[in-house]
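Order of the sequence lines fixes the chain letters, A, B, ..., with proteins taken first and strands second; residue numbering starts at 1 for each chain.
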Protein chains: 2
Amino acid sequence: MMQPMAKRVQSAGFKLTPPRQAVLQVLEESREHLTPAEVLARAQAIYPSLGRATVYRTIELLINLGVVRPIFLGARGMCLTLAEGGHHHLICFECGSVIEFEECTVGELEQELAQRLNFQIRGHLLEFYGVCERCHD
Amino acid sequence: MMQPMAKRVQSAGFKLTPPRQAVLQVLEESREHLTPAEVLARAQAIYPSLGRATVYRTIELLINLGVVRPIFLGARGMCLTLAEGGHHHLICFECGSVIEFEECTVGELEQELAQRLNFQIRGHLLEFYGVCERCHD
DNA sequence: CCTATAATGAAACACGGTCTCAATGAGAAC
DNA sequence: GTTCTCATTGAGACCGTGTTTCATTATAGG
């Protein structure tokens with residue numbers, strides 16, 4: 001069965017080339033928060049002649065298709081994450097560490113905003129900022 | 001009365017110089033989401049000989065003091081915002097527009113996480129991503 | 001007023017990301 | 001399968017953001 005990202009690229013009318021497949025595979029398999037530079041490095045391991053411009057072009061394409069989304073992750077800088085669903089972090093001012101959590105209480109608010117503003121919501125990000133256990137006291 | 005940011009800089013043991021005051025004034029007055037480059041431009045209007053390095057050093061200082069905080073705002077890239085309190089955005093995949101809203105339902109969750117993880121929470125960011133009214137249909 | 005030293009601007013530097021352009025190859029038409 | 005077209009590609013020049021270095025300046029405390 002075809003990878004879901006590849007399907008979305010193709011059904012949006014874009015060609016499914018080996019360079020693009022390498023980038024898609026990296027983003028799909030890692031399911032992590034990678035920087036574009038890390039995506040480049042990993043995708044070049046799959047398809048060595050891959051150029052920087054192609055990676056950035058593919059990322060831009062995927063962002064426009066709503067498949068991935070950039071988030072700014074503290075000290076790591078800009079990273080990519082899957083666009084669907086929620087992401088929840090606690091970030092420490094001092095050491096920059098990122099703690100993920102699962103609980104989320106924004107479901108109702110999401111519904112209400114979507115309706116009131118006629119906005120198709122596909123994902124969300126909830127981050128708390130402060131000082132972690134190790135950095136205060 | 002002294003501007004609150006200036007006070008925090010001084011009471012943390014840092015000198016309050018004219019270049020720093022220019023940067024503080026820009027961040028304090030605009031109460032917007034400015035990029036570092038925009039801060040530089042506006043602060044140079046106040047203190048023309050201001051150098052780029054000083055702006056970046058001052059921003060880093062303020063981030064470490066927990067006064068401002070970087071956020072990644074869709075197409076605008078990395079911007080600065082006041083660290084305290086909450087910030088709430090709806091961001092469109094297609095056109096990158098940012099809509100702010102006020103309602104927020106994360107207060108209880110904030111309390112609970114702070115207690116459970118022993119984390120001093122000072123602010124938060126809640127963003128929804130999707131397609132705005134003008135960009136779908 | 002003097003002094004120690006934090007803070008500064010200029011300039012070189014590093015790097016991420018964009019753009020241009022000629023070459024390539026995917027996929028449609030037949 | 002063959003041909004054609006045009007999206008896609010990699011190389012490399014380019015640009016702007018952010019960092020580092022270093023000699024100079026000026027703040028705040030004594």
Exercise. Might you confirm whether atom CD of A:Gln111 has over 12 heavy atoms from other residues, nucleotides or ligands at distances under 6.0 Å?
Key: no

Practice problem: Please work out if B:Ala37 contacts a base, only the sugar-phosphate, or nothing of the nucleic acid, heavy-atom cut-off 4.0 Å. | Solution: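 Touches sugar-phosphate only.
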
Quiz item: Quick one: does B:Leu109's side chain get under 4.5 Å of A:Glu103's, heavy atoms only?
Solution: yes

Quiz item: Does A:Leu90 reach the side chain of B:Ile121, with side-chain heavy atoms less than 4.5 Å apart?
Solution: yes

Quiz item: Which atom names give the shortest non-hydrogen contact between B:Arg8 and B:Leu65, and what distance separates them?
Solution: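 Residues B:Arg8 and B:Leu65, closest heavy atoms: NH2-O, 3.0 Å.
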
Practice problem: Assess the side chains of A:His88 and A:His124: does a donor N or O sit below 3.5 Å from an acceptor N or O? | Solution: yes

Quiz item: Looking at the side chain of A:Gln10, which of C:dG27, C:dA11, C:dT8 is the nearest nucleotide?
Solution: C:dG27

Quiz item: In terms of side-chain geometry, is the basic nitrogen of A:Glu112 or A:Arg116 positioned less than 4.0 Å from the acidic oxygen of its partner?
Solution: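 Salt bridge between A:Glu112 and A:Arg116, a charged N being under 4.0 Å from a carboxylate O: yes.
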
Practice problem: Would you grab the first and last nucleotide of DNA chain D (5' to 3') that comes under 4.0 Å of any non-hydrogen atom in chain A? | Solution: D:dA7 to D:dA13

Quiz item: In whole angstrom, what separates B:Phe14's CZ from C:dT5's P?
Solution: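 Answer to the nearest Å: 16 Å.
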
Quiz item: Between atom CD in A:Gln21 and atom C1' in C:dG25, what is the gap in whole Å?
Solution: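 Checked: the CD to C1' distance equals 14 Å.
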
Quiz item: Hey, can you pull the residues of residues 54-71 of chain B with a non-hydrogen atom under 4.0 angstrom from DNA chain C?
Solution: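 Here the set is B:Thr54, B:Arg57.
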
Exercise. Could you check whether the rings of B:Phe101 and B:Phe128 sit parallel, tilted or perpendicular, using 30° and 60° as the cut-offs?
Key: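 B:Phe101 and B:Phe128: tilted rings.
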
Quiz prompt | Stacked cation flag A:Arg69 on B:Tyr129, 6.0 angstrom / 45 deg | solution = yes

Quiz prompt | base_contact_polar (C:dG17 base, A:Arg52 side chain, donor-acceptor, <3.5 Å) | solution =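 It does, because a donor-acceptor pair links the side chain of A:Arg52 to the base of C:dG17 below 3.5 Å.
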
